[in-house]
Protein chains: 2
Amino acid sequence: MTTNQKFNFRNYVKNTSLTVGVNPVIFSVSEDKLKVLLATFDPRLKKSLPGGAILKNENADDAANRVLQETTGLESIFLKQFHVFSEPDRFSYATVYNELHEESYKPPEDIDIPDRVFTIGYFALVNFDTVHPTGGIINVMSEWVDIDTIPELMYDHNLIIDEALSSLRKELFFEPIGYNLLPEKFTMPELQRIYEIILDKPLTRSNFQRKMLNWGIYERLGERKEGVSHKRPFLYRFDKERYDKAIKTGINFCL
Amino acid sequence: MTTNQKFNFRNYVKNTSLTVGVNPVIFSVSEDKLKVLLATFDPRLKKSLPGGAILKNENADDAANRVLQETTGLESIFLKQFHVFSEPDRFSYATVYNELHEESYKPPEDIDIPDRVFTIGYFALVNFDTVHPTGGIINVMSEWVDIDTIPELMYDHNLIIDEALSSLRKELFFEPIGYNLLPEKFTMPELQRIYEIILDKPLTRSNFQRKMLNWGIYERLGERKEGVSHKRPFLYRFDKERYDKAIKTGINFCL
DNA sequence: TCAAAAGTGTTCGTCCTACACCCATGA
DNA sequence: TCATGGGTGTAGGACGAACACTTTTGA
């Protein structure tokens, strides 16, 4: 036998019309709280995550970066895919219209509306101060919301945020990503707060300091933080070169 | 403003015709080697991973379990999503026809062939002896191949396997999943080989033993392994109850 | 009786924890 | 001068790496 006799194109290509989008869960830290960027599509509806479809010549990462750029203005920041959400009924393009009966939200009948929409969940870490949230292309506005006061959201977006947070915590053990939430120059106490807020548990100051320095991936700068009403802490910077070297020699970032 | 003025359905629904499938990377261990199940669609072509489209009423996990069942006969085994592969040109339905010019592989012109196909990568851990590989619904056959002699595969399947292995290694730090590769009753030396093979590095016998027992998630059975030409090792079984208890009290599975 | 492999114990070093102590700063 | 927070030192304990020793088995 040379040809595969089992194969029949008509059985193989299952024609469920489908769109795949991305939903970045954008984290930042401000006022000692972990925050997530939530979008408002229409003020009368529940909030949702920023998101968008994957366009013709994009891969998923491209799309996530684009959505991030549209809503925060930021490029090339920490962004990582963590899970696909694919329940058959997780999303419907008619939801908004069914809720509000606004003519402009009515799915037109002359274009093919996909039966299903999957979304690829991403999480991103950004420095709060560098972001001026906008609604991007789809939404009216977006805003930071404390992780522990997230309201009920559209679709399965509450679930997506839960999974994003637990993926973020997992990732902390493999990559020292916390510094992405801080400005380029930061102090050890600041970094410690990041870890405490993400992991939601207190860490011992002196030991935290020593561990971070032992990793040898942060460069201590000459300067110290100005304008604090007590001893001025050193400033540090993430050092990519040292990081790459540390990775090669095999390091683990367990806390 | 009540209505979202930015919104226009015609801009929002981007009509790229798209299918999403799953590709489980099925791992097992035999003859002291880590193996992956590879499928042959047509003997004249490169091999590939088992796979299939996500059907109408399935989510991604359902589809992956179905493909696994079709190719191995197994149900409810360890299976975990790890990444979506979404490059615009990663897959084409015409590939096989372009290669072989066999009429039966020609995409019919009267049905809509999707422009793009994404795949969700899964990895699965199975006990070698319980599997009798078949081609499943799509392929002619499937067979176990050593992880370090994987040939060049169709599409981006080599990349998928690489990512699967590194995800498997990562996951070892969060879940003690190695036992899934063994029969229900196993010995500590057997478990140690599993870890050594997956991580591709030797571990110290006595320390490994102690660590596994300290985790307290394996139950030592009364019996010992029969038919070995030296001291007979104890048999153990993974104990779900103890595992759940250990998780609650906060355990980490660092090696 | 012996080789091989399994189980257990011991030593040593490293790292983590907790706490103490001193330093620098603005109020 | 004092309260506050940052940097560093140290004693004690937990744990891992390496290795030694004993036990059990089939050949």
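Throughout, a chain's letter reflects where its sequence line sits, starting with A, and its residues are numbered from 1.
Between Leu213(A) atom CG and dC15(C) atom P there is a gap of 14 Å when expressed in whole angstrom units. Arg210(B) places its CZ atom 11 Å from the C1' atom of dC19(D), with the value rounded to the nearest Å. The distance from atom NZ of Lys211(B) to atom P of dA18(D) is 11 Å, rounded to the nearest whole Å. If you take CE of Met212(B) and C1' of dT8(C), they are 17 Å apart, rounded to a whole angstrom. We find that CZ of Phe208(B) is positioned 15 Å from C1' of dG7(C), with the value rounded to whole Å. Between Asn214(B) atom CG and dA14(D) atom C1' there is a gap of 11 Å when expressed in whole angstrom units. With rounding to whole Å, Leu191(B) atom CG is found 13 Å from dA6(C) atom P. Going from atom CH2 of Trp215(A) over to atom P of dC15(C) covers 14 Å, rounded to whole Å.
Contact annotation: Arg232(B) does not reach the phosphate of dT24(D) (side-chain N/O to OP1 or OP2, under 4.0 Å). One finds a side-chain N or O of Thr204(B) lying less than 4.0 angstrom from the OP1 or OP2 phosphate oxygen of dA18(D).
Judged by atom type and distance alone, Ser206(A) reaches the base of dC19(C) through a side-chain donor-acceptor pair under 3.5 Å. Within 3.5 Å, a donor on the side chain of Arg205(A) pairs with an acceptor on the base of dG7(D), or the reverse.
You'll find the ring centres of Phe173(B) and Phe173(A) outside the 6.0 Å limit.
Residue Asn207(B) has its side chain nearest to dA17(D) when only dA17(D), dG7(C), dG7(D) are considered. Nearest to the side-chain atoms of Lys231(A) among the listed nucleotides dG7(C), dA17(D), dG7(D) stands dG7(D). Side-chain proximity of His230(A) to the nucleotides dG7(C), dA18(D), dT4(D) is greatest for dT4(D).
Using a 4.0 Å cut-off between a side-chain N of Lys or Arg and a carboxylate O of Asp or Glu, Glu190(B) and Arg193(B) do not qualify as a salt bridge. Using a 4.0 Å cut-off between a side-chain N of Lys or Arg and a carboxylate O of Asp or Glu, Lys245(B) and Glu241(B) do not qualify as a salt bridge.
Within 6.0 Å of atom NZ in Lys170(B), more than 12 heavy atoms from other residues, nucleotides or ligands are found, so the atom counts as buried in its surroundings.
Partner of Ile26(A) under the side-chain contact (heavy atoms from CB on, under 4.5 Å) criterion, out of Ile77(A), Val126(A), Val36(A): Val126(A) alone.
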